[in-house]
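Note sheet for the following structure.
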Amino acid sequence: MRYWLMKSEPDEYSYDDLVADGRTHWDGVRNYQARNMLRDDFAVGDRVLYYHSRSKPPHVVGVAEVVRAGYPDPTQFDPEEKYFDPKATPDEPRWYVVDITPVGKLARAVPLAELKQSPALEGMLVIKRGMRLSVQPVDEAHFEAVVEMGGGLATG
DNA sequence: GCCAACGTTGGC
DNA sequence: GCCAACGTTGGC
């Protein structure tokens with residue numbers, strides 16, 4: 001099983017939105033590095049740290065699980081869509097999505113500043129300056145450490 | 001809201 | 001194929 005971190009602006013699509021939907025297509029990723037991971041490396045059962053970017057402060061809010069591995073992002077083919085890509089065709093798709101479902105909110109959201117201060121998280125990508133990838137691989141030890149910092153998953 | 005960092009585009 | 005210009009991300 002692999003571990004990941006996925007960024008979303010809570011104004012666009014928050015963890016609570018994911019909980020309300022029950023499951024979602026993680027669409028709109030238009031970065032090749034992130035695309036490659038979605039297409040090639042995500043597998044059903046992988047765990048995801050759900051990160052709220054551009055919030056005050058930015059923070060890890062919960063855990064999600066991959067329920068469908070990479071497949072072509074349908075929004076790239078639809079001219080009405082914000083994420084339409086005229087160079088993409090169904091035969092040669094450019095962009096991929098995965099489906100995720102919520103596993104649980106952290107008992108306490110962990111702000112970025114705290115991630116940066118933790119010696120256990122040395123080398124974690126999200127705390128690096130200028131790190132803009134919206135999908136990032138996470139070490140298992142880092143994943144577990146973040147969940148622990150958040151007091152585990154909230155129940156109920 | 002500002003702006004540094006970084007990816008992409010396109011002229012040459 | 002270089003690289004300046006441009007657009008976007010995302011912390012602050």
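Chain letters run A, B, ... following the sequence lines, proteins first and then strands; every chain starts at 1. Scope of the values below: all heavy atoms of this structure, side chains included, with no hydrogens, waters or symmetry mates. Please read all numbers here as calculations on a predicted model, not as lab measurements.
For the pair A:Lys87 and B:dT9, the criterion of a side-chain N or O lying under 4.0 Å from OP1 or OP2 is not met. A close approach under 4.0 Å does not occur between any side-chain nitrogen or oxygen of A:Tyr51 and OP1 or OP2 of C:dT9.
To the nearest angstrom, C1' of B:dT9 lies 15 Å from CG of A:Asn31. For A:Arg30 and B:dT9, the CZ to C1' distance is 17 Å, given to the nearest whole Å. If you measure from atom CG of A:Asp85 to atom C1' of B:dT9, you get 13 Å, rounded to the nearest angstrom. With rounding to whole Å, A:Met6 atom CE is found 16 Å from C:dT9 atom P. For the pair A:Leu115 CG and C:dG11 P, the computed distance is 11 Å after rounding to whole Å. Remark: C1' of C:dT8 and OH of A:Tyr32 are 15 Å apart, rounded to the nearest angstrom. The distance from atom NZ of A:Lys82 to atom P of C:dT8 is 10 Å, rounded to the nearest whole Å. One interatomic measurement links the two molecules: OH of A:Tyr83 to P of C:dG7, which rounds to 18 Å at whole-angstrom precision.
Between the side chains of A:Trp26 and A:Asp99, no donor N or O sits under 3.5 Å from an acceptor N or O. Side-chain N/O atoms of A:Asp78 and A:Tyr83 include no donor and acceptor closer than 3.5 Å. Under the 3.5 Å distance criterion, with hydrogens and angles disregarded, a donor-acceptor pair is assigned to the side chains of A:Arg94 and A:Tyr32.
Among the protein residues, A:Lys116 comes within range of the sugar-phosphate backbone only, with heavy atoms under 4.0 Å from sugar or phosphate atoms but none that close to a base.
Against DNA chain B, the stretch residues 130-137 of chain A makes heavy-atom approaches under 4.0 Å through A:Gly130, A:Arg132.
Within a 6.0 Å sphere centred on CD of A:Glu148, heavy atoms belonging to other residues, nucleotides or ligands number 12 at most.
Summary of the strand contacts: A:Lys56 and A:Arg94 both lie near DNA chain B, and taking for each the nucleotide with the nearest heavy atom, the more 5' one is attributed to A:Lys56.
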inquiry  = Checking A:Val29 against A:Tyr96 for the side chain to side chain contact (heavy atoms under 4.5 Å, CB included) test, could you report, in this order, the C-alpha distance in whole Å, the side-chain angles of both residues, the deciding distance, and whether it holds?
reply    = CA-CA 7 Å; A:Val29 172; A:Tyr96 284 73; over 6 Å; no
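Within the 6.0 Å centre-distance limit, the rings of A:Phe42 and A:Trp4 are counted as a close aromatic pair.
Summarising the geometry of A:Phe77 relative to A:Pro93, their closest heavy-atom pair is CZ-CB, 4.0 Å, with the distance given to 0.1 Å.
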